[in-house]
Amino acid sequence: MNSFPVLSVVVTVVSDTSAHADTAPLEGCLEALHSQVDPPAMEVLVTCDARLQGTDELKRRYPEVQLLCVEKLRTQRSGPSREHHDELRGIGIRRSRAPLVALIEDVGRPDPSWAAQVVKQHAQSYAAIGGAMENGLDRALNWAVYFGDFGRYQNPISRGPSPYVSDANVSYKRSALERVNDAWPESYNEARVHGALVERGEVLALSPDIVVWQHRLDLHLGSELVERYVWGRSFAATRVERVSASRRLIYAALSPVLPFVLLLKQCHNVLHTKRNLAAFLKALPLTALLDVAWSCGEFVGYVTGRP
């Protein structure tokens with residue numbers, strides 16, 4: 001491991017939202033990082049729940065990787081959960097050392113030039129730079145999950161300032177993160193951190209050259225419906241944590257139309273990029289089901305104000 005890394009890569013295991021997780025997705029991610037072309041000096045930190053199985057073999061195969069298996073996570077619940085992913089990301093960021101910090105997920109596989117491009121793009125003054133997301137498995141359910149999660153980041157994405165970037169493929173100047181450290185005192189949350197950066201006048205940007213491929217292995221419709229519900233509820237609870245009860249009820253009342261809005265946006269993204277239309281049509285029934293599950297989660301999140 002280089003003593004003076006230029007880039008810290010924090011890989012968070014997120015495949016445990018609604019189902020048992022093992023290291024199979026993570027192995028593909030680490031191999032992709034190990035195989036980078038002309039990479040900068042970098043450190044890789046993996047953050048996961050201590051119950052993740054298979055970590056001993058992973059340590060043997062990738063001794064240069066810092067594997068942070070955390071016990072007694074503050075936000076971990078007995079049932080399906082997403083908030084502990086943010087806690088794990090925060091732990092990884094705090095343990096990292098480089099002037100550039102990148103976040104990806106265990107189910108993502110960076111393009112061979114990903115690390116070099118992260119450093120190259122940060123020669124610009126942007127505080128945070130997100131990249132493109134692509135689907136790596138040609139299965140209907142994988143496409144449905146992809147269009148729901150990352151359709152807006154399908155290449156060709158516009159290069160330059162953007163109001164949003166994804167925490168599944170984003171990098172920061174450490175100095176910018178430190179200027180908003182009160183936005184992530186115990187855990188990292190994409191919406192809070194990016195909102196704080198924008199409030200300070202910092203600029204978020206996208207680059208089509210920084211590409212991560214999504215490899216969701218062994219997906220099952222039931223667990224994915226639960227995952228969409230959990231993530232939708234978490235999103236809603238974060239969105240309304242500082243608004244009045246009456247505003248929360250307005251959002252909740254509008255939730256029944258949300259599946260149609262989501263599906264229209266996803267269709268627009270495909271038509272705009274002029275890519276993967278056949279895959280979108282093949283996955284359309286499943287995508288619609290996942291959108292309904294997400295919307296149900298948002299409704300409950302707005303009503304309760306809790307993830």
Criterion salt bridge (Lys or Arg N to Asp or Glu O under 4.0 Å) on R216 and E227, from CA distance to verdict | CA-CA 13 Å; R216 299 291 303 271; E227 179 181 272; 2.9 Å; yes

With sequence neighbours left out, the residues meeting side-chain hydrogen bond (donor to acceptor under 3.5 Å, both in side chains) with R192 are E241

Can any side-chain N or O of S244 pair as donor or acceptor with the backbone N or O of R247 at less than 3.5 Å?
-> yes

Kindly determine whether Q154 and H272 satisfy side-chain contact (heavy atoms from CB on, under 4.5 Å), including the steps that lead there.
-> CA-CA 10 Å; Q154 176 177 267; H272 175 70; over 6 Å; no

Any donor and acceptor pair, going by atom type alone, linking the side chain of Q36 with main-chain N or O of A32 inside 3.5 Å?
-> yes

With sequence neighbours left out, what residues match R174 under side chain to side chain contact (heavy atoms under 4.5 Å, CB included)?
-> S8, S96, V101, E178

Side chains of R95 and L68 in contact at under 4.5 Å (non-hydrogen atoms) | yes

With S15 as partner, the option from V107, L52, L217, T23 fulfilling side chain to side chain contact (heavy atoms under 4.5 Å, CB included) is V107

Please test W294 against W231 for side-chain contact (heavy atoms from CB on, under 4.5 Å), starting from the C-alpha separation and ending with a verdict.
-> CA-CA 7 Å; W294 175 282; W231 288 11; 3.5 Å; yes

Are Y229 and L290 connected, step by step, through hydrophobic side chains (Ile, Leu, Val, Met, Phe, Trp, Tyr) whose heavy atoms are closer than 4.5 Å?
-> no

Enter the distance from E224:CD to T17:OG1 here, rounded to the nearest 0.5 Å.
-> 8.5 Å

With the threshold set at 4.0 Å, does a side-chain nitrogen-carboxylate oxygen contact exist between R89 and E105?
-> yes

Go through the side-chain N and O atoms of D111 and W213 and say whether any donor and acceptor fall under 3.5 Å apart.
-> yes

Determine, step by step, whether V70 and L88 satisfy the side-chain contact (heavy atoms from CB on, under 4.5 Å) criterion, reporting the C-alpha distance in whole Å, the side-chain angles of both residues, the deciding distance to 0.1 Å, and the verdict.
-> CA-CA 8 Å; V70 186; L88 288 168; 3.8 Å; yes

Hydrophobic cluster membership, L249 vs L258, 4.5 Å side-chain cutoff = no

Under a 4.5 Å side-chain heavy-atom rule over Ile, Leu, Val, Met, Phe, Trp and Tyr, are L284 and L286 clustered together?
-> no

Give a yes or no on whether the backbone of Q121 and the side-chain of Q124 come within a donor-acceptor separation of less than 3.5 Å.
-> yes

Please check if the side chain of K173 supplies one atom and the backbone of A128 the other of a donor-acceptor pair under 3.5 Å.
-> no

Measure the shortest side-chain to side-chain distance between V37 and S113 over non-hydrogen atoms and say whether it is less than 4.5 angstrom.
-> no

Taking the side chain as every heavy atom from C-beta outward, state whether V11 and L45 have any pair of such atoms under 4.5 Å apart.
-> no

Flag if over 12 foreign heavy atoms under 6.0 Å of CZ, R74 = yes

Check whether any side-chain N or O of D106 sits under 3.5 Å from a backbone N or O of V14 as a donor-acceptor pair, and report yes or no.
-> yes

Shortest non-hydrogen contact between R94 and S187, atoms and distance = NH1-N, 4.4 Å

Could you state the interatomic distance from CG (D49) to OG1 (T12), rounded to the nearest 0.5 Å?
-> 12.0 Å

Residues R61 and E27 bridged, charged N to O under 4.0 Å = yes

Indicate yes or no for a side-chain donor-acceptor contact from E43 to the backbone of R97 under 3.5 Å, with no hydrogens or angles considered.
-> yes

Side-chain contact test, heavy atoms from C-beta onward, threshold under 4.5 Å: evaluate it for P156 versus P208 and give yes or no.
-> no

Rounded to the nearest 0.5 Å, how far does OG of S162 lie from CD1 of I129?
-> 11.5 Å

How far does CG of L73 sit from NE2 of H85, to the nearest 0.5 angstrom?
-> 9.5 Å

Any donor-acceptor N/O pair, K59 side chain to L67 backbone, under 3.5 Å = no

Would you mind listing every side chain to side chain donor-acceptor pair (under 3.5 Å) that reaches into residues 251-264, with sequence neighbours excluded?
-> none

So side chain to side chain donor-acceptor pair (under 3.5 Å) across residues 261-271, not counting sequence neighbours, yields Q266-D291

Same cluster for W114 and Y62 if Ile/Leu/Val/Met/Phe/Trp/Tyr side chains link at under 4.5 Å?
-> yes

Closest heavy-atom contact between F299 and A252?
-> CD1-O, 3.4 Å

Can you name the nearest heavy-atom pair linking I157 to A132, along with the distance?
-> CD1-N, 3.7 Å

Heavy atoms of other groups near R306 CZ, more than 12 under 6.0 Å = no

Can you check whether N155's main-chain N or O pairs, donor with acceptor, with E134's side chain at less than 3.5 Å?
-> yes

Gap between atom CG of L26 and atom CD of E31 - 0.5 Å precision = 11.5 Å

Is there a side-chain contact between R179 and E202, using heavy atoms and a 4.5 Å cut-off?
-> yes

Mind checking whether V211 and L100 sit in one hydrophobic cluster, side chains of I, L, V, M, F, W, Y counted as touching below 4.5 Å?
-> no

Are side-chain N/O atoms of Y188 and E87 paired as donor and acceptor at under 3.5 Å?
-> no

Taking it one step at a time, do C296 and V292 satisfy side-chain contact (heavy atoms from CB on, under 4.5 Å)?
-> CA-CA 6 Å; C296 290; V292 170; 4.2 Å; yes

Taking only residues two or more places apart in sequence or in another chain, which ones pass salt bridge (Lys or Arg N to Asp or Glu O under 4.0 Å) with R228?
-> D149

Check: D16/H84 side-chain N/O donor and acceptor closer than 3.5 Å = yes

Between the CZ atom in F235 and the CD atom in E190, the distance rounded to the nearest 0.5 Å is 9.5 Å

Got a sec, which residues hit side chain to side chain contact (heavy atoms under 4.5 Å, CB included) with A236, two or more places apart in sequence or on another chain?
-> E298, Y302

Would you please say whether a donor-acceptor pair under 3.5 Å links the side chains of H220 and S223?
-> no

Heavy-atom closest pair (Y153 atom, V165 atom, distance to 0.1 Å) is OH-C, 3.3 Å

Near R159 CZ, under 6.0 Å, is it more than 12 heavy atoms from other residues, nucleotides or ligands?
-> yes

Do H194 and Y172 have ring centroids that are under 6.0 Å from one another?
-> yes

Is the closest side-chain donor-acceptor distance between W143 and N276 under 3.5 Å?
-> no

Can any side-chain N or O of N142 pair as donor or acceptor with the backbone N or O of L219 at less than 3.5 Å?
-> no

Which pair of heavy atoms, one from L225 and one from A293, lies closest together, and at what distance?
-> O-CB, 3.5 Å

Beyond-backbone contact of P110 with I104, side-chain heavy atoms, under 4.5 angstrom = yes

Looking only at heavy atoms, the pair that brings P99 and V6 closest together is CD-O, 3.5 Å

side-chain hydrogen bond (donor to acceptor under 3.5 Å, both in side chains) between N189 and W184, intermediate numbers included | CA-CA 7 Å; N189 178 274; W184 52 287; over 6 Å; no

